J.: 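First, the structure itself, so that you have it in front of you.
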Amino acid sequence: MPSKLKPFLSTLAVAVAAAHCAPARAAQDTVQVLHWWTAGGEAGALQVLKDDLLQHGVQWQDVPIAGGGGAQAMTTLRARVLAGDPPSAAQLAGFDIVDWSHQGVLQDLTPIARRQDWAHKVPKALQDFDVYQGRWIAAPIGVHSSNWLWASRKVLTRSGITRPPATWDEFIADLARVKKSGFVALAAGGQPWQIATMFDGVVLSTGGPDFYRRSLLERDPKALDSPTMLKVFERMSALRPFVDQGFANRDWNEATAMVMQGRAGFQMVGDWALGEFNHAHQVPDKDYLCVRTPGTQGSVTYHSDALVFFKRDAKDQQAQRILAEAVMSPGVQAGFNRIKGSAPALLGISREGFNACGRKAIADLAQADASGTLLGSLSQGNAVPPAVKGAFFDVIAREFNGAISPAEAARQLAAAAKAQY
Ligand code: BGC
């Protein structure tokens with residue numbers, strides 16, 4: 001998928017005038033929004049949007065579906081749409097947007113997009129998902145990336161580690177050192193999407209960006225069932241002894257809390273973790289470290305969160321329009337993403353107020369886009385259609401949990417890619 005984030009991201013330093021502001025009005029309309037932003041940082045970011053809406057006389061009615069990665073949320077959303085009771089809007093990303101646009105249930109946002117000139121303000125890489133058959137069907141709110149490693153400064157120091165790992169071998173050696181010092185080495189949860197998030201980074205680190213593209217974006221069976229993929233799965237297996245007993249049912253933000261509280265050394269998760277560090281007022285370098293998954297420096301596996309709007313009665317459309325406009329306003333994009341740990345999805349938003357990790361995220365995206373190493377994240381639905389993603393997640397999780405061997409996993413991945421869904 002072609003990506004043109006460069007003009008957008010390279011101009012992020014440019015300050016933009018503040019908000020979408022208007023005098024506060026008594027709320028008359030309501031928007032019901034289904035999402036999975038339930039962790040502290042996520043809820044904090046959402047508050048920026050809710051406050052902005054209230055200023056415009058629209059009350060936010062929350063439909064939060066806990067469970068990161070959105071698997072639960074998608075099930076609820078499908079049930080509601082099938083029952084003829086869709087919410088006003090829902091959080092979606094990547095190929096899920098494409099999938100829903102095929103159902104014919106999404107509102108066409110093109111008139112709003114024209115008025116606010118989204119075509120010139122949203123990077124091309126995001127438009128590839130947000131525009132369907134020439135019509136805008138999603139309003140992107142932020143850009144996340146998954147190939148990150150988060151580390152506790154305290155745990156590293158107590159384990160005698162003076163710098164974060166830069167290579168895979170250093171990472172494995174550091175995990176062993178942390179474990180030996182009595183801490184949990186790798187904070188993680190066993191939900192398939194969390195394991196897949198680690199997998200994004202391991203594929204990229206093991207095979208590099210070309211291999212990532214060939215195996216996961218192009219689904220080339222020769223890359224999927226290959227010695228490199230075998231090595232990827234062997235590396236996944238090598239991580240397994242570093243997670244603790246509580247791994248199976250842990251949410252991603254509980255794992256982040258283990259790093260924040262100095263109970264675990266590392267977490268391999270996307271920069272939504274930054275939202276949690278922000279929420280707890282932790283400071284980069286002093287309390288925690290953010291580096292790219294060792295061996296993936298220079299490449300970025302990305303996705304963008306967006307809101308889609310469902311076809312509802314005419315009486316609801318005014319509030320839906322106000323919500324779409326708010327999402328795409330510079331003030332909301334700046335405030336939301338600064339708290340959330342993501343990069344703005346609009347061109348030209350000021351970096352002011354983003355901390356060192358937030359600024360690194362923005363700079364890395366620009367640099368990866370410029371060098372052709374900006375890649376859709378498998379774990380967050382930006383690489384393959386939802387059904388294929390589900391089949392891949394299943395193989396990746398079963399291998400991580402020791403149910404199948406690395407060689408079997410590589411074979412099954414290639415088979416899943418070939419199957420018709
Ligand atoms: C979403 C993020 C969210 C994370 C954890 C990801 O799929 O894109 O916005 O913070 O899941 O819930």
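Since the model is a prediction, treat every value here as computed from it, not as a measurement. In listed order, ligands and their atoms are each counted from 1.
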J.: Looking only at protein heavy atoms, which one is nearest to atom 11 (O) of ligand 1, and how far off is it?
T.: Trp36 NE1, 3.2 Å
J.: Taking the six-membered ring for Trp, are the ring centroids of Trp37 and Phe336 within less than 6.0 Å of each other?
T.: yes
J.: Check if Gly69 has a non-hydrogen atom at a distance under 4.0 Å from any atom of ligand 1.
T.: yes
J.: For the residue pair Gln47 and Asp51, confirm or rule out a side-chain donor-acceptor distance under 3.5 Å.
T.: yes
J.: May I ask you to check whether Trp193 has an N/O atom sitting below 3.5 Å from an N/O atom of ligand 1?
T.: no
J.: If the cut-off is 4.0 Å to any non-hydrogen atom of Trp252, which atoms of ligand 1 fall inside it?
T.: 5 (C), 12 (O)
J.: Step by step, work out the side chain to side chain contact (heavy atoms under 4.5 Å, CB included) result for His35 and Leu46.
T.: CA-CA 10 Å; His35 62 88; Leu46 215 44; 3.4 Å; yes
J.: Need the ligand 1 atom indices (1-based, order shown) with element for anything under 4.0 Å from a heavy-atom of Gln380.
T.: 6 (C), 7 (O)
J.: In terms of residue, atom name and distance, what is the protein heavy atom nearest to atom 1 (C) of ligand 1?
T.: Asp305 OD1, 3.5 Å
J.: Given Lys340, His303, Glu276, which one has a non-hydrogen atom that is nearest to atom 8 (O) of ligand 1?
T.: His303
J.: Is the shortest N/O to N/O distance between Trp272 and ligand 1 below 3.5 Å?
T.: no
J.: Is it the case that the side chains of Gln333 and Arg338 hold a donor-acceptor pair, with the cut-off being a distance below 3.5 Å and no angle test?
T.: no
J.: Could you tell me the residue and atom name of the protein heavy atom closest to atom 10 (O) of ligand 1, and the distance to it rounded to 0.1 Å?
T.: Glu42 OE2, 2.4 Å
J.: So that I know where these two stand, are Phe400 and Phe247 an aromatic pair - ring centroids less than 6.0 Å apart?
T.: yes
J.: Taking the six-membered ring for Trp, are His102 and Tyr132 ring centroids under 6.0 Å apart?
T.: yes
J.: Would you say the rings of Phe233 and Phe199 are close, in the sense that their centroids are separated by under 6.0 Å?
T.: yes
